[in-house]
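Structure record follows, encoded as structure tokens.
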Number of protein chains: 2
Amino acid sequence: MAEKIDLKRIARELNLAVSTVSRALRDSYEISEETKQKVFALARQLNYEPNPYASSLRRQRSKTIGVVLPELPNNFFTHVVNGIEWVARQKGYHVLIYITHEQMEQEISLIRHLQSGRVDGVLASVCAGTQDIAHFRSLHQHGIPLVFFDRVCEDSGFPTVTTNDYEASYHATVHLIQQGCRHLYHLTLPLHLSITRKRLQGFLDALQQYQLPVNESTVLIAKDMDLFYDQLDQLLCSTQPPDGIFAAVEKLVLLVYHICQKRHIRIPSQLKVLAFSNLETAPLLAPPLTTITQPAFEIGKKAAELLFRKIEKKRDILEQMHYVIPSALVIRDSTRSLGQALSNQSAAEWIHSA
Amino acid sequence: MAEKIDLKRIARELNLAVSTVSRALRDSYEISEETKQKVFALARQLNYEPNPYASSLRRQRSKTIGVVLPELPNNFFTHVVNGIEWVARQKGYHVLIYITHEQMEQEISLIRHLQSGRVDGVLASVCAGTQDIAHFRSLHQHGIPLVFFDRVCEDSGFPTVTTNDYEASYHATVHLIQQGCRHLYHLTLPLHLSITRKRLQGFLDALQQYQLPVNESTVLIAKDMDLFYDQLDQLLCSTQPPDGIFAAVEKLVLLVYHICQKRHIRIPSQLKVLAFSNLETAPLLAPPLTTITQPAFEIGKKAAELLFRKIEKKRDILEQMHYVIPSALVIRDSTRSLGQALSNQSAAEWIHSA
DNA sequence: GCTATTTACGGAAACGATTGCACAAAAAAC
DNA sequence: GTTTTTTGTGCAATCGTTTCCGTAAATAGC
């Protein structure tokens with residue numbers, strides 16, 4: 001175990017005071033060029049790394065941000081975290097990651113803990129169940145900036161970075177209708193989340209616009225996954241099956257594909273499907289899946305940039321508080337109508353040998 | 001901005017010494033039950049959270065671990081991180097995440113920084129280019145435990161958690177051969193990595209076992225992705241195209257699928273394909289992809305557990321240092337031979353309309 | 001050449017929690 | 001009832017950096 005290398009050690013070695021060494025390393029104007037050089041040289045030679053905890057304690061800032069999200073193995077969130085990490089690296093910040101696994105108690109205790117000063121700011125995407133936001137308020141009262149992304153708390157006064165959920169949803173639904181769908185279903189998560197509500201609203205408004213019927217079974221809300229699978233299975237095998245499905249989140253559309261594969265339901269001839277999704281394999285699926293692709297990396301990047309602005313100069317109330325980065329509707333075979341020529345790129349409908 | 005809540009504040013309020021409050025909160029046996037209760041009550045009421053930096057400074061441990069990995073948007077690594085976070089949470093540890101983006105300089109400077117004491121231990125999966133491991137040695141000399149996972153440095157003396165790369169690779173190759181492949185190619189990343197070497201070796205040994213020819217073009221190494229795409233495109237369109245492809249990493253097999261889709265090359269009739277991959281959509285691809293599925297979550301979990309053992313009692317040299325968690329070969333349509341009945345689950349070959 | 005200012009550095013007090021030691025008061029021992 | 005032990009608490013040093021002040025020497029001002 002190598003001997004500890006701290007400022008005291010460097011100071012002793014060079015016959016300087018600790019304070020002088022500290023200043024030299026921070027390149028203070030008060031220190032002569034000559035001394036600085038000596039200090040730099042020795043610090044480098046000894047491989048000196050300042051103790052971040054001492055520094056954070058003294059300066060009351062940690063050069064660390066916290067990222068709180070509901071799940072990690074998810075193509076959207078991983079790209080968001082990638083964007084966040086990218087910005088944080090540029091800024092010399094560290095990134096603590098916390099996964100709530102959609103459990104609100106975890107979210108609450110986490111956020112409560114983060115008011116300790118461990119982080120200089122927080123980026124969060126809330127649990128599907130989160131309704132009360134007292135814990136976020138508390139964080140704010142402790143002077144720790146917070147930016148929501150994707151799953152935001154609206155009207156909470158915190159800055160948000162989202163995609164254009166409503167519009168994207170509306171246009172995607174119109175696309176489904178234009179492809180001939182008349183019996184549309186909407187698969188989504190609990191409607192506490194603003195994104196699920198907005199996506200649903202876009203969907204419903206499109207239906208209304210085209211005077212398509214809506215009844216209480218049009219919207220299927222996934223609470224328990226296993227249960228939802230069975231429910232979906234029944235729906236797709238019923239005597240009045242849907243001819244179009246809109247999945248508000250990625251993992252729900254995969255269930256649809258699994259069931260269709262198992263039940264030999266043909267996409268898109270029997271059923272057209274699209275989803276909010278960042279699956280990189282969307283074009284390679286059977287059949288290629290039409291997606292509303294969210295700008296995940298950019299959302300992460302923008303959210304982090306916003307957070308750093310808040311961290312660096314606490315007072316910019318006048319800034320635009322709600323950023324919206326548009327998604328792209330990428331049309332692939334899963335929503336092509338029969339009459340329509342199949343795309344060159346993804347050429348065939350999925351034909352079953354049954 | 002709420003007034004700061006620290007031990008001093010609680011002490012003052014209760015007419016106690018700071019040290020007493022500190023001990024009470026840590027439930028020390030030296031403090032009377034009565035005092036403890038009073039302290040607990042007030043701490044809860046004031047929403048007290050101890051300053052982690054003060055605590056870390058004093059106790060010389062941070063309750064934080066660092067995770068260093070080459071990329072995040074990757075189904076393998078996200079599940080690993082999930083496993084790590086899961087264990088860390090149980091242990092009350094925090095997780096700092098660092099992405100090297102396959103850049104060795106980043107890895108080096110990162111690891112160098114981490115010897116500052118910011119973390120109590122490090123979990124790492126190295127860059128494709130990493131050969132010199134001086135930075136990891138340096139970390140070790142500073143008394144910070146390190147565990148490698150997946151992309152490990154062999155013979156470095158550090159504990160490792162991997163999958164059975166060689167055997168899995170060997171058996172998968174045998175499977176390809178048994179399905180009738182005779183012109184096999186191996187797609188991989190630079191061979192500095194132990195995993196790429198082992199996977200290649202398993203592949204080559206299987207070929208040798210079955211007396212299939214190997215020449216210098218049998219192994220394609222991806223350095224630059226765009227370049228590699230073109231190279232692969234040429235290979236697949238050549239007059240002597242392969243009839244079997246083994247991709248050592250997930251992202252390379254996706255290139256194969258893209259090219260086959262574009263060039264109307266039929267899988268599996270013209271070309272059989274398999275890969276090390278944790279794609280959740282593997283069964284839904286066109287056609288469903290045969291994968292060697294790594295136990296990603298378990299690898300993360302085991303690596304974290306190992307690290308915590310090292311952190312908690314520094315001296316357990318006698319422990320098993322190299323854990324191997326086996327992968328599973330999941331056979332799907334992308335490697336079925338023509339004569340063979342197609343599976344019920346994923347029933348059809350991908351038929352092009354060209 | 002004497003004061004006024006700058007330059008370059010040292011001393012010491014923070015930051016907030018932990019912990020070794022000291023020490024009253026209470027309990028136990030004899 | 002005195003001595004010893006136990007119990008409960010306070011004091012102060014400590015972790016390693018940062019930063020407010022203070023100050024000697026060097027330079028400038030006139």
Side-chain angles (χ1 to χ4, degrees), chain A residues 2-40 42-43 46-64 92 113 115-120 142-143, chain B residues 2-40 42-43 46-64 92 113 115-120 142-143:
Chain A
E3 191 197 345
K4 200 177 325 182
I5 310 293
D6 55 11
L7 289 184
K8 206 185 301 183
R9 165 80 188 276
I10 297 181
R12 182 158 24 90
E13 210 118 325
L14 294 176
N15 252 323
L16 289 170
V18 172
S19 55
T20 306
V21 177
S22 173
R23 274 184 276 247
L25 287 172
R26 314 192 118 253
D27 206 18
S28 161
Y29 69 98
E30 296 181 282
I31 306 299
S32 71
E33 208 49 49
E34 196 193 338
T35 307
K36 279 186 197 171
Q37 289 312 322
K38 281 196 297 189
V39 172
F40 285 146
L42 186 58
L46 293 178
N47 218 336
Y48 169 74
E49 287 284 345
N51 183 311
Y53 295 111
S55 179
S56 293
L57 177 58
R58 180 60 233 245
R59 311 184 72 191
Q60 300 289 73
R61 60 197 188 104
S62 60
K63 283 267 177 187
T64 304
H113 169 83
Q115 65 189 31
S116 65
R118 187 181 285 275
V119 296
D120 296 341
H142 283 256
Chain B
E3 191 198 345
K4 203 177 319 182
I5 310 293
D6 54 12
L7 288 185
K8 206 184 303 182
R9 165 79 187 277
I10 296 181
R12 183 157 25 89
E13 210 116 325
L14 294 175
N15 252 321
L16 289 170
V18 173
S19 55
T20 306
V21 177
S22 172
R23 274 185 272 248
L25 287 173
R26 314 192 116 254
D27 206 16
S28 161
Y29 68 98
E30 298 179 281
I31 305 298
S32 72
E33 208 48 49
E34 194 194 338
T35 307
K36 278 186 197 171
Q37 289 313 321
K38 281 196 297 188
V39 171
F40 285 146
L42 186 57
L46 294 178
N47 220 336
Y48 169 73
E49 286 286 343
N51 182 312
Y53 295 110
S55 179
S56 294
L57 176 60
R58 178 61 230 248
R59 312 183 72 190
Q60 301 290 72
R61 59 195 189 103
S62 60
K63 283 268 178 184
T64 304
H113 169 83
Q115 64 189 32
S116 65
R118 188 181 286 274
V119 297
D120 295 342
H142 283 257

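Below, chain A is the first sequence line, B the second, and so on; all start at residue 1.
- Considering OH of B:Tyr53 and OG of A:Ser55, their distance stands at 10.0 Å, rounded to 0.5 Å.
- Running 5' to 3' along DNA chain D, contacts with non-hydrogen atoms of chain A at under 4.0 Å begin and end at D:dG16 to D:dC21.
- Taken to the nearest 0.5 Å, the CZ atom of A:Arg12 stands 8.0 Å off from the CG atom of A:Asp6.
- Non-hydrogen atoms lying under 4.0 Å from DNA chain C are contributed by B:Ser22, B:Arg23, B:Arg26, all within residues 22-33 of chain B.
- Between the two ends of the helix from C:dG1-D:dC30 to C:dC30-D:dG1, each summarised by a five-pair axis, the helix axis turns through 40° (rounded to 10 degrees).
- Heavy-atom contacts of chain A under 4.0 Å fall on DNA chain C between two terminal nucleotides, which in 5' to 3' order are C:dA8 to C:dG16.
- Each of B:Thr20 and B:Ala54 was matched to the nucleotide of DNA chain C holding its nearest heavy atom; the match closer to the 5' end belongs to B:Ala54.
- A:Tyr48 is listed as a side-chain neighbour of A:Leu7, based on a closest heavy-atom distance under 4.5 Å.
- Annotation: of the two residues near DNA chain D, B:Ser19 and B:Arg59, the 5′-most nearest-nucleotide partner is B:Ser19.
- For the contact set between residues 5-17 of chain A and DNA chain C, defined by any heavy atom under 4.0 Å, the members are A:Asn15, A:Leu16, A:Ala17.
- In this structure, CD in B:Glu13 is found 8.0 Å from CD1 in B:Ile5, a value given to the nearest 0.5 Å.
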Evaluate the criterion side-chain contact (heavy atoms from CB on, under 4.5 Å) for residue pair A:Gln115 and B:Asn47; output intermediate values, then yes/no.
CA-CA 10 Å; A:Gln115 65 189 31; B:Asn47 220 336; 3.5 Å; yes
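- Between the CZ atom in A:Arg118 and the OG1 atom in B:Thr64 there is a gap of 4.5 Å [rounded to 0.5 Å].
- With values rounded to the nearest 0.5 angstrom, A:Lys38 atom NZ is found 8.5 Å from A:Asn15 atom CG.
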Could you list the donor-acceptor pairs under 3.5 angstrom formed by side chains in residues 19-28 of chain A, with sequence neighbours left out?
residue	atom	partner	partner atom	Å
A:Ser19	OG	A:Arg23	NH2	3.4
A:Asp27	OD1	A:Lys36	NZ	3.0
A:Ser28	OG	A:Glu30	N	3.1

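- Between B:Lys63 and B:Asp120, the shortest heavy-atom contact is N-OD2, 2.8 Å.
- Within the nucleic acid shown, B:Thr35 comes within 4.0 Å of sugar-phosphate atoms alone, with no base atom in reach, counting heavy atoms only.
- Between A:Val39 and A:Leu14, some side-chain heavy-atom pair lies under the 4.5 Å cut-off.
- The two residues A:Gln60 and A:Leu57 have their closest heavy-atom pair at OE1-O, 3.0 Å.
- To the nearest 0.5 Å, atom OH of residue B:Tyr29 and atom CD1 of residue B:Ile31 are 10.0 Å apart.
- What you find for B:Ser56 and B:Ser62 is that their closest heavy atoms are OG-CA, 3.5 Å.
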